[in-house]
Colleague: 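Please read through the structure below; I'll follow up with questions.
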Amino acid sequence: IAQPGLQSNAIKKDWWHIDAIKPYKLPATASKMSYIKVQGNSFVNDKGKVIVFKGLSISDPDKLVKDGHWNKKHFEVIKSWGANLIRIPVHPVAYHQRGVEAYIKLLDEAVNWCSELGIYVLIDWHAIGNLQMEVLSQDMHKTTKSETFNFWRNIAEHYKDIPTVAFYELFNEPTTYDGQYGTASWDGWKTLMEQMIDLIYVYNKNVVPLVAGFNWAYDLTPVKDNPIARPGIGYVTHPYPGKRAVPREDKWELDFGFVADKYPVIATELGFMPGDEDENLKDDGIYGPSIIKYFNKKGISWVVWVFDPDWIPQMIKNWNYEPTSQGKFFSDVMKGK
Amino acid sequence: IAQPGLQSNAIKKDWWHIDAIKPYKLPATASKMSYIKVQGNSFVNDKGKVIVFKGLSISDPDKLVKDGHWNKKHFEVIKSWGANLIRIPVHPVAYHQRGVEAYIKLLDEAVNWCSELGIYVLIDWHAIGNLQMEVLSQDMHKTTKSETFNFWRNIAEHYKDIPTVAFYELFNEPTTYDGQYGTASWDGWKTLMEQMIDLIYVYNKNVVPLVAGFNWAYDLTPVKDNPIARPGIGYVTHPYPGKRAVPREDKWELDFGFVADKYPVIATELGFMPGDEDENLKDDGIYGPSIIKYFNKKGISWVVWVFDPDWIPQMIKNWNYEPTSQGKFFSDVMKGK
Amino acid sequence: IAQPGLQSNAIKKDWWHIDAIKPYKLPATASKMSYIKVQGNSFVNDKGKVIVFKGLSISDPDKLVKDGHWNKKHFEVIKSWGANLIRIPVHPVAYHQRGVEAYIKLLDEAVNWCSELGIYVLIDWHAIGNLQMEVLSQDMHKTTKSETFNFWRNIAEHYKDIPTVAFYELFNEPTTYDGQYGTASWDGWKTLMEQMIDLIYVYNKNVVPLVAGFNWAYDLTPVKDNPIARPGIGYVTHPYPGKRAVPREDKWELDFGFVADKYPVIATELGFMPGDEDENLKDDGIYGPSIIKYFNKKGISWVVWVFDPDWIPQMIKNWNYEPTSQGKFFSDVMKGK
Ligand SMILES: [Mg+2]
Ligand SMILES: [Mg+2]
Ligand SMILES: [Mg+2]
Ligand SMILES: [Mg+2]
Ligand SMILES: [Mg+2]
């Protein structure tokens, strides 16, 4: 069935008594943060002050539960590293395995902790592949158009009164993998994005939907002639080192940076690691400083991938939260060192 | 999988032996009723006599089984209240939970009882929401385009020789809920309806497919310029009291009544209840008499929601079949009092 | 979920460790066969030699396992009957029941045996019905567009280096059954076929995708004005005796034969049986010799349905591999008698 429901409804005998996702209320311990809005090519708070977001992705809450580290301390450490934004990647497989209700309870806990700590939250539907043909990358990313619409319906209805949840990243990494995931068009993608944004705004006009382009969310060139026809959104890029050869700045400008002159742009993934494990992530010593310099020049917000000791490129070496090289580098930048 | 099959096929080892839905034959105890057809803006029987249908919806057969009231007596009481049509709302969740074969066996029992009692049956695919994007209202309504096509394929093939089953209500309440269920267009809806009607007519030309409009099956205004391009159908409206303020007649005329000048119209849901439990259903003392007067004037058939002591607005107070206020009101009208 | 995955991934706790379908490598005992390509209206080998394929369909590997005859001997007998091509019909229900990984392991065994015996393999996604509306014929054929795309993705990735697997038959028998499975258009079908071919070629340019037309893969008339706009493919027909009355040759020419003047054509199903069990298959004594004569004249390849003692029309009477009348007839032709 296209629209996954609450497990409690699917199996219950008296299915006519509705248990639905309800608007969430923060506990009294959490103070209400300012809403984030789009103004020109910037993100601004309630007072119109421009905010540049600098943060990181955690791993999937489901993994953190299994690792024994789904707790407020995890978020406190991230706060101490200087982040003002935490990205939560919701992998479809984990959402399926736990069920909608149980998974959203995990998100509620993260929202509580972040609200208490004054950190913004970005919810990321962490699918990869070609949603138009429903050919996704790996089994963990499997989803449908209908499920994706309904996911955002649930999230938008549930968090509409919670300014902490400032960003919805509609679909992590659109890609046809040079045809390995079939064919897709920007027009088809644009229509899907506009359908999602329209649905979200009915529930919640106080959130910023984030739209990525193809090539695993790297390429924003179609925005030049054919932008998403909805106000109040931001654009996403994932400019890993392997995307372009040094010197990268001119390519970044053509591939995604030009968008930042007109719309807010946020690099919701970036990162690097030493060694040859993954060509796309390989640290050349130049990447980190140069991309931060470029982001600063363009006013682009950014989120490092990933605050986990297993998933690559790691920001922490172990559960003592010892930073890796990129962990130290980006933490220093976040702290203004 | 898009097309749900028979449970016996899904699990069986020798899947190559086909168990399929077969055309149903009435038991010898049931006399064959006249077929119902469309003639101009009326429903007529085999002799061309115009029939105005006045009836009610039962609750889902699955609920009635669980309540211990799935028996002929339930239908005999309805007959004694004056109904010449019973609407059976098939909720997708119940169809999934029981499985196609078991659910259709329940429908067969209803068809037998109604054939014996001389009451017509309307089968209603009781989904609510936006089928175009497959964003349905509640978990109980979850379905897909493919499942809906296949449901009507099964029903049309199974009941093609049974005139008792006179109406197929293709989709209970189409609505985008002002965008909460995404976006939809009349053109897209029209295409889906025409696909279903074409499929049904291949099996069964002796049935009347019923088509609803948006706003939870209230609004038929697009029929003016862009009617469903298929013969032999009826249009549906659900004109609950809350849809319009008193005096309602002029609005009814513009919203759905004008259609009845050209096509048969049947209000497959209407009803009211005292008190403030539901604004949309609130009895103002005017609604009942005025809508019956309007229906009589326009020759519109009607079906009251709902002959159940739990679901609102109730027609019965309890399992002694004590009528509620709307139960008494509509029963009196059906009996010609 | 639209894209069925590996069972091991769906249930496992650490879903972030990917188990994916990997390119298959033949065992050392199997010699590498020549790739098969399209040249003009012919299939040719690496040396440009035209090959006309003459073979047969086995029953579904899942059935053969259950029958206790999934072994090399089954394929050796087929070799001894003179076949140079074996068609393997993958029924969606069997693929679902076993799971992707387990099912593909069966295919690997067939590919090993055929490689050792020097017989080519055709993999057939054995669905029947209307994929556009996802209304399939029987429960055993149930699938979705998305699943069909992903099936070919898995197959193309897995067998890209194995020339034994020379043909992918994209969808066994497209049909609307005169509307019983809804409506479909050649343009819509063409788009689906081109999407599948594009996806396949990204993984594997050394395979011949095979495209069928409507009327249960009999009718290729739309190819005249609107061929599939992709190179390197073949067209399929299933010209059972019941499709046309004697004399059939002129109709065959108009229905599918004309295509063979421009593109390679392969009749991936044909066959006959004595008696009245199935009008479509009924032997009239003329059919067998006349269609072989026609195929020879046109250079059309062919594959008999079906090497099984239960499924009709049978080629073998029993598990002693005693030939039926069509079994003997086609075996004699394959052996050049
Ligand atoms: Mg990534
Ligand atoms: Mg059927
Ligand atoms: Mg209703
Ligand atoms: Mg794969
Ligand atoms: Mg066949």
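Chain letters run A, B, ... following the sequence lines, proteins first, then strands; residues in each count from 1.
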Colleague: State, to 0.1 Å, how close Glu134(B) and Asn150(A) come at their nearest heavy-atom pair, and which atoms those are.
Modeller: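 Shortest heavy-atom contact: O-ND2, 3.2 Å.
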Colleague: Sub-3.5 Å donor-acceptor pair from the side chain of Lys66(B) to the main-chain atoms of Asp14(A), do we have one?
Modeller: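 The answer is no, because no donor-acceptor pair under 3.5 Å joins these two groups.
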Colleague: Any luck finding a side-chain donor-acceptor pair between Asp62(B) and Trp15(A) under 3.5 Å?
Modeller: yes
Colleague: If I measure from the heavy atoms of chain A, does Lys145(B) come under 4.5 Å with its side chain, its backbone, both, or neither?
Modeller: neither
Colleague: About how many Å separate OG of Ser146(A) and CG of Leu136(B), when rounded to the nearest 0.5 Å?
Modeller: 7.5 Å
Colleague: Quick check: closest heavy atoms across Leu199(A) and Gln180(B), and the distance to 0.1 Å?
Modeller: CG-O, 4.1 Å
Colleague: Could you tell me the separation between the CE atom of Met133(B) and the CZ atom of Arg153(A), rounded to the nearest 0.5 Å?
Modeller: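 Met133(B) atom CE to Arg153(A) atom CZ measures 10.5 Å (nearest 0.5 Å).
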Colleague: Can you sort out the partners of His141(A) under ring pair (Phe, Tyr, Trp, His ring centres under 6.0 Å), two or more places apart, ordered by chain and number?
Modeller: none
Colleague: Counting only heavy atoms not in Tyr177(A) (residues, nucleotides, ligands), do more than 12 fall under 6.0 Å from its OH?
Modeller: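 No, because the 6.0 Å sphere around OH of Tyr177(A) holds 12 heavy atoms or fewer from other groups.
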Colleague: With chain B, which of Trp16(A), Tyr201(A), Phe149(A) has the greatest number of heavy-atom pairs at distances under 4.5 Å?
Modeller: Trp16(A)
